[in-house]
Amino acid sequence: MTREKKWTLAVLAAFAGVSFVGTAYAAEQTSNEQGDAHALADTVVTAQRREKRDLDTPATTTIIMAKEIEKAGYRNVFEAIDQQIGSTSTSYGDAGQDFGLAAGRITLRGYDRGTLVMVNGVPMNLKNYPSTENIPASMVERIEIVNGAASTLYGAEAMGGVVNIILKQPKPEESEFQLSQTVGNYFKKSEATYTGDRIIVDVSREWSKDLPHSNGFGIDKISWVDWWVGKGKKSRVGVIAQLTDELSLNYNYMEGDITRGGVQYKKSGNSLVPTGTKYNYRYNDLRHTASLVYQGKDNGIHAVLGYNYRKVDGFDYLANKKTDGNATMDGQILDVQKTWKMGNGSMVLGYSYKREAIDKPAKKRTAVRTGNSLYASYSKQFTPQFNFTLGLRGEFINDPEEDQRVLMPQFQTEYKFDRNTAWYINIGKAFQMPTVDDSFSYKNFNPTGLKPESGWTYETGVKIRRGNDTWKAAVYHMDMKNKIGWRLDTATNQHYAVNTGQFRNTGIELEYAKRFNDTWSLTLGGSVSNPEIQNPNGTNKAWIQDAARLQGLVRLDYQMAKWQGNLNLKYLGDREYIAQSFGAAQDVPDKIQLNMNLIYTAGKDDVVSLGIYNLLNRENYSNRYGNLDLGRNFRLTYTHAF
């Protein structure tokens, strides 16, 4: 037996031992409290812009509550989303790491750069890249993931799905101050959080260790560039203010620094030799997100005014100049909707204004895109069993390249066999513009510009709850055209954006959750799909695999008195083929990520948690280019409340 296997078995035995010890304590959480938490977790707002039970929502939805984020030991919001079925996210390192605009991003149902990420309904996407970097996990109340085209309700960029990160709100007559310190073999973090009856303030600083080798490098590996990552740091500030009973203000700030470099090799016989090409970059990443959210208690009006800013400042130490990809980006949104109850039905009517701008110093060019849209969603309960929803959105986009007028419909039906058994159908159109800087960034390669991406998703599924058991199953087909991707210009060695062709994906997603008792619960999930791209310029127009085809999920949760525990396994298999100029052409290796988290509540004011990640110490590829997750690593956190 190898040392790694022995170590892993020892950890699993320790987990079981802690579980056994925990049974010696009396349960401290009443069944009423558990019922209240379960009722809250059953509510979905994002899928139809109205509050509904998950079982009454005609879409594939996943809800991640704050308690689940804590219990699973998710290192950040990105990882919480990535560990769910349907996500095949791209990252340039561990848990969503990015380097400037080499951006880690959420990918739902295999459609890269096609997920809309929001915070309290405010879009976070800039340059079509969804990001969660400046959102502290400790400030999240819940995360709602809706798979499938959602452009009818939320506009462009929701091709594969939409993620809405809903932040906590202050609670009247509650006041607490928390200090938290995390240490680990690759990471440390200090965090302070104040919660008052009208305000929440979170301040944190984190540091990451340097990595001499950060990718799968070798003659038989995907990458022949031996990359290293230097020490990094990130500072965050988050503020949530309840200005009135109906009006809240949210603000998040992040600034991060990291360095990255490497040496390029080429194949010579049966070995690799340096080509003489080296890399050495520094990236500074500055982000601001702010929103003003109005939720009328009696008038059915919901309004959001949001601002999103990001500045990427990279420096090339070898060329002794700033990198050409540097950019300052910002976006604004105003969204107002009103909901009416109409007998056995309801109507949502809304208006959105969006503006996105980019300034690229190296190009000495700026671009601005604005959009106005009207949307409506009417839901009618024809019988106690049958519900029908019709959605419609008109998008009017003023673009530097070519203005667009788009109409996006959506049809949803749900049939209830009983209160806890539902069958639904969800058909929707999706639409996405090229990046706002396409009008000048790729003009040499695309003289007529890039075409917008658009297409349909067809989905049907069932949701069943029987006592403590929950089943979900969905079958879907995506059919999109003008998928945007990247190609290499060999003359200049520069990558440029192109419409790579038609995208399609047919798949099935399954999930089963079982709560055995107040102590143990189990979640199993799986997905089989076939994400493909067809190159319209190819001689035979063959379909080429574009993402992982297989996914698996096993999650085991334990809670008893002072102890909580979680084992979480996510599997990606049958991944796509990759052939790089400097690398061995092959399929991306399967990914098996096994994490464990233990929480001990020493008293009402003291909590200790231990997270151990990549228990199997696998060489897990975080993307198709050879970047790796960390090897086995741990984080030990102590939190004290005053």
- request: Taking the six-membered ring of Tyr613 (Phe, Tyr or Trp), confirm whether the NZ or CZ of Arg75 is under 6.0 Å from its centre and within 45° of its axis.
  value: yes

message: Taking salt bridge (Lys or Arg N to Asp or Glu O under 4.0 Å) as the cut-off, I'd like each qualifying pair that reaches into residues 171-189, sequence neighbours left out, listed once.
response: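 For residues 171-189: Lys189-Glu191.
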
Check [X] against [Y] and note the closest heavy-atom contact, atom names and distance.
{"X": "Ile166", "Y": "Asn120", "value": "CA-OD1, 3.3 Å"}
{"X": "Thr90", "Y": "Thr107", "value": "N-OG1, 4.0 Å"}
{"X": "Ser91", "Y": "Asn627", "value": "O-CB, 4.4 Å"}
{"X": "Gly196", "Y": "Pro170", "value": "O-CB, 3.4 Å"}
{"X": "Val162", "Y": "Ala150", "value": "CG1-CB, 3.9 Å"}

Note, [X] side chain near [Y] side chain (heavy atom, < 4.5 Å):
{"X": "Thr57", "Y": "Lys463", "result": "yes"}
{"X": "Asn308", "Y": "Val122", "result": "no"}
{"X": "Met118", "Y": "Thr46", "result": "yes"}
{"X": "Pro123", "Y": "Leu116", "result": "yes"}
{"X": "Ile258", "Y": "Gln97", "result": "yes"}
{"X": "Met329", "Y": "Lys311", "result": "no"}
{"X": "Asn614", "Y": "Leu630", "result": "no"}

Short N-O contact, [X] and [Y], less than 4.0 angstrom:
{"X": "Arg310", "Y": "Glu133", "result": "no"}
{"X": "Lys297", "Y": "Asp245", "result": "no"}
{"X": "Asp202", "Y": "Arg236", "result": "no"}

message: Give me each pair satisfying ring-ring contact (aromatic ring centres under 6.0 Å, His included) with a member in residues 163-195, each pair once, sequence neighbours excluded.
response: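 Only Phe177-Phe642 qualify under ring-ring contact (aromatic ring centres under 6.0 Å, His included).
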
message: For the CZ atom on Arg419, are there more than 12 heavy atoms of other groups (residues, nucleotides or ligands in this structure) within a distance under 6.0 Å?
response: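 No, not enclosed.
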
query: Above 12 or not: heavy atoms from other molecules or residues under 6.0 Å from NE2 of His213?
result: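 Counting other residues, nucleotides and ligands, NE2 of His213 stays at 12 neighbours or fewer.
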
query: Step by step, would you call Arg515 with Asn468 a side chain to side chain donor-acceptor pair (under 3.5 Å)?
result: CA-CA 5 Å; Arg515 186 162 65 90; Asn468 293 327; 3.1 Å; yes

Between the main-chain N or O of [Y] and the side-chain N or O of [X], is there a donor-acceptor pair closer than 3.5 Å?
{"X": "Asn125", "Y": "Val117", "value": "yes"}
{"X": "Lys570", "Y": "Gln84", "value": "yes"}
{"X": "Arg575", "Y": "Asp590", "value": "no"}

Partner of Glu509 under side chain to side chain contact (heavy atoms under 4.5 Å, CB included), chosen from Lys472, Gln551, Arg109: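 That would be Arg109.
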
- prompt: Atom OH of Tyr512 and atom OG1 of Thr470: how far apart are they, to the nearest 0.5 Å?
  reply: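 Tyr512 atom OH to Thr470 atom OG1 measures 8.5 Å (nearest 0.5 Å).
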
message: To the nearest 0.5 Å, what is the distance between CG on Leu615 and CG on Asn595?
response: 7.0 Å

query: Hey, mind stepping through Asn252 and Thr289 against side chain to side chain donor-acceptor pair (under 3.5 Å) and telling me if it holds?
result: CA-CA 5 Å; Asn252 290 96; Thr289 303; 6.0 Å; no

query: Would Ser235 and Arg205 satisfy side chain to side chain donor-acceptor pair (under 3.5 Å), going step by step from the backbone distance to the final call?
result: CA-CA 5 Å; Ser235 302; Arg205 182 72 175 266; 3.2 Å; yes

field: Parallel, tilted or perpendicular: rings of Tyr625 and Tyr92 (30°, 60°)
entry: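 It falls in the parallel class, under 30°.
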
